[in-house]
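Before any comments, here is the structure.
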Amino acid sequence: MGAMARIEDYALIGDLQTAALVGRNGSIDWCCFPRFDSGACFASLLGTPDHGRWLLAPTAAVTHCARRYRHDTLVLETLHETTDGAVRVIDFMPPRGEAPDIVRIVEGVEGTVSMRSELVIRFDYGKIVPWVRRVDHARIAIAGPDALCFRSPVEPRGEDLTTVSEFTVAAGERIPFVLTWFPSHTALPDEIDPEEALVDTATYWRDWAKECTHHGAYHEEIHSSLRLLKALTYAPTGGIVAAPTTSLPEWIGGVRNWDYRFCWLRDATLTLIAMLQAGYSEEAVAWRSWLLRAVAGDPADVQIMYGLGGERRLEERELDWLPGFEASVPVRTGNAASAQLQLDVYGGVMDALYQTRLHGAPPDDNVWSLQRALLGWLEDGWRLEDSGIWEVRGPARHFTHSKVMAWVAFDRGVRICEEFGRDGPVERWRAVRDEIHSEVLSRGWSEARGAFVQYYGGSELDASALVIPLVGFLPHDDPRVVSTVEAIRRDLTHDGLVLRYRTDEDGDVDGLPAGEGVFLACSFWLVEVLALQGNRQEARELFERLLALRNDVGLLSEEWEPRTGRLVGNFPQAFTHLALVEAALALAGHSMREAT
């Protein structure tokens, strides 16, 4: 089936260094080894089965399919029912030291079911067919620096550049398959015990779940999203990827196809705050260390995103051999937006570091030196035009949200001095904070629209104005906030769900052709604001509607396409899930980000 699957047909498995997408049909259509941002060895998500996949499914027609994650784990169970019986496929990736594994265990549930495994390995995003040979009861696929080792008690055979295994499984039987990546110049990795690995993996995730301190309303929904955010953390460095995929389209058949397998400061800081709210301070400290290493150097050179290890060079290129998800091209790797100036990230970083201290992380003199340096640059830098939160590829402007977040940066700097006794030029920072505040109120507000607008002098609305009360820039009951929320609900929604902004055919704002879905995080922001304003019934109704857009295993992508009723954009998306957590916490009675 390959790329004929819908985005919502996929579930995610991962090992805190990379991840794979498993379709309802039993096909793993996306996986990058050994890191999230490595070249894919299964890329049929963006092409056809010939671009790499691993299908493991009954040979007969499946009459019913149901799947779930084992409670509090990232172990996926898919039940396939056929006229001959039923079989369960258990898919997982053990959190690891060196060699990454995908483990698939086929368990007979009822009757006797004929099964088929088709392993199509294509390195470098579906381009390179490896050399496959047999070594010590294993099949080894090698091309350049990459090697994969395939082990199973079922004897495979080669067929049209595919490793095929055919077998039957009866009720009570369990048959394992293990695929392990290793550098091609090293020895064959040690064989693992699949059943032990299953126990270890489930234990890891359940132990992590026990650390969660949230036990109120929407606990399952919150923890499911937190588990996904954890799965998108690159454990060796503490970096957090925005999504494990590239080029899943924001508009089917369109060009808004970007690579999200990097660490956006904005996404990561909000993820961090979400984790802190639920008691996960270890992740916060690890991310703080990642941040220190990534942005080391001149504060003027701070990027909006980095590689998993803090890499700065994320050159964008197009993979012309991939036909794209439902013909959505180009397929891109790297991200040219990494070179943009986006002032809001300074506010996000300062807020996250403030929240980290607020939640008990120990003080760190190096962190404070970094914060002082960032604010030192921002004292003049906040006046610059930038590309804004949405990374527009149109002209730089004075985006209102960027200025609001610059205000946040100085506000949190002042708070850190006042609340934690740090030394800094507090009076100067207060003055800059007040100047930014005054400017936004005069230049970001439109009397004609009765709302804060997208950029100074403009007339268009932007959903990012919803964060104004969430970060404490103005109270939620301020008449200008109330009026802005009303304007957004009236003029910037599609069937009640919030658009980021109106895309234009001439690409005046973002430099791209019109057309994208509703950006799900924005609707969750609206839930949060409505809850703050006391409209709890409306907030809850919208939240429940958004929850219903999740797929059968609780995952959301970046956007929703109301016309077709489909998820679009990279998947699963950290930004969406952290906004879900924020909204759930707001419904429980407290805003996550609003300064107290």
Side-chain angles (χ1 to χ4, degrees), residues 242 249-251 254-258 260 264 266-267 270 304 337 340-345 347-348 385-405 440 443-446 448-471 473 480-481 483-529 542 546 557-563 568-570 573 575-576 579:
E250 297 170 14
W251 189 261
V255 300
R256 296 171 182 265
N257 318 315
W258 315 110
Y260 276 17
W264 268 255
R266 175 189 308 108
D267 299 41
L270 293 173
I304 63 160
Q340 290 184 349
L341 173 65
Q342 295 173 21
L343 292 171
D344 69 294
V345 301
E385 295 178 319
D386 75 336
S387 298
I389 181 175
W390 307 129
E391 302 178 353
V392 298
R393 301 200 176 195
R397 303 180 191 267
H398 291 293
F399 285 101
T400 302
H401 173 265
S402 297
K403 308 303 185 185
V404 168
M405 293 306 292
V440 170
R443 300 184 66 190
W445 172 260
S446 166
R449 290 304 298 260
F452 287 101
V453 288
Q454 186 175 46
Y455 53 86
Y456 291 175
S459 60
E460 294 301 315
L461 298 174
D462 192 302
S464 62
L466 291 169
V467 308
I468 286 173
L470 303 183
V471 296
F473 184 85
R480 290 161 294 191
V481 171
S483 178
T484 298
V485 173
E486 289 173 354
I488 287 172
R489 297 183 74 184
R490 183 179 62 246
D491 300 329
L492 199 62
T493 58
H494 186 295
D495 191 24
L497 300 177
V498 184
L499 297 160
R500 293 191 294 178
Y501 52 89
R502 295 279 177 189
T503 57
D504 300 315
E505 290 299 336
D506 62 6
D508 178 56
V509 172
D510 60 18
L512 296 165
E516 68 169 3
V518 296
F519 198 81
L520 290 169
C522 299
S523 294
F524 282 117
W525 289 346
L526 179 56
V527 170
E528 197 173 352
V529 173
L542 177 56
L546 290 165
S557 65
E558 183 176 33
E559 299 186 7
W560 172 259
E561 222 295 57
R563 300 174 313 156
V568 289
N570 282 304
Q573 172 85 349
F575 203 55
T576 306

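The distance from atom OG1 of Thr400 to atom CD1 of Ile389, rounded to the nearest 0.5 Å, is 12.5 Å. Atom-to-atom distance recorded for Trp525:CH2 and Leu520:CG is 12.0 Å, nearest 0.5 angstrom. A distance of 11.0 Å separates CG of Leu497 from CD of Glu561, quoted to the nearest 0.5 Å. Expressed to the nearest 0.5 Å, how far CD of Glu460 lies from CZ of Arg449 amounts to 6.0 Å.
Residues Val404 and Val471 form a side-chain contact, since some pair of their non-hydrogen atoms from C-beta on lies under 4.5 Å apart. Tyr456 has its side chain out of reach of Arg397: every pair of non-hydrogen atoms, C-beta onward, lies at least 4.5 Å apart.
Of the charged side-chain nitrogens involved, at least one lies within less than 4.0 Å of a carboxylate oxygen, so that Glu250 and Arg500 count as a salt-bridged pair.
Residues Val453 and Gly458 share a closest heavy-atom pair of CG2-O, 3.6 Å. When all heavy atoms are compared, the tightest approach of Phe452 to Leu461 is O-CD2, 4.0 Å. Smallest separation of non-hydrogen atoms from Gln340 and Ile304: O-CG2, 3.7 Å. Between Gly348 and Met405 the shortest heavy-atom distance is N-CE, 3.8 Å. Of all the heavy atoms in Gly496 and Leu542, the pair that sits closest is O-CD1, 4.1 Å. Of all the heavy atoms in Leu466 and Cys522, the pair that sits closest is CD1-O, 3.6 Å.
For Gln573, the side chain to side chain donor-acceptor pair (under 3.5 Å) criterion is met by no residue, not counting sequence neighbours. Considering only residues two or more places apart in sequence or on other chains, Asp344 meets the salt bridge (charged side-chain N to carboxylate O under 4.0 Å, His left out) condition with Arg266. In this structure Arg443 satisfies the side chain to side chain donor-acceptor pair (under 3.5 Å) test with no other residue, sequence neighbours excluded. In terms of the salt bridge (charged side-chain N to carboxylate O under 4.0 Å, His left out) criterion, Arg490 has no residue partners (sequence neighbours excluded). Shown here are the side chain to side chain donor-acceptor pair (under 3.5 Å) partners of Asp386, two or more places apart in sequence or in another chain: Ser402. Here Thr484 pairs with nothing under the side chain to side chain donor-acceptor pair (under 3.5 Å) rule; sequence neighbours left out.
Side-chain N or O atoms of Ser557 include one that pairs as donor or acceptor with a backbone N or O of Val568 at under 3.5 Å. A donor-acceptor contact shorter than 3.5 Å is absent between the side chain of Asp462 and the backbone of Tyr455. At distances below 3.5 Å, at least one donor-acceptor pair connects side-chain atoms of Arg502 with backbone N or O atoms of Asp491. Ser523 places a side-chain N or O within donor-acceptor distance of the main-chain N or O of Val498, the cut-off being under 3.5 Å.
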Requested in this report: Evaluate side-chain contact (heavy atoms from CB on, under 4.5 Å) for Leu546 paired with Phe524, printing each intermediate quantity in order.
Outcome: CA-CA 8 Å; Leu546 290 165; Phe524 282 117; 3.6 Å; yes

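In summary, the aromatic rings of Phe575 and Trp264 are positioned with their centroids too far apart to meet the 6.0 Å limit.
Ring orientation note: the planes of Phe519 and Trp390 are nearly perpendicular, at an angle over 60° on the 30°/60° scale.
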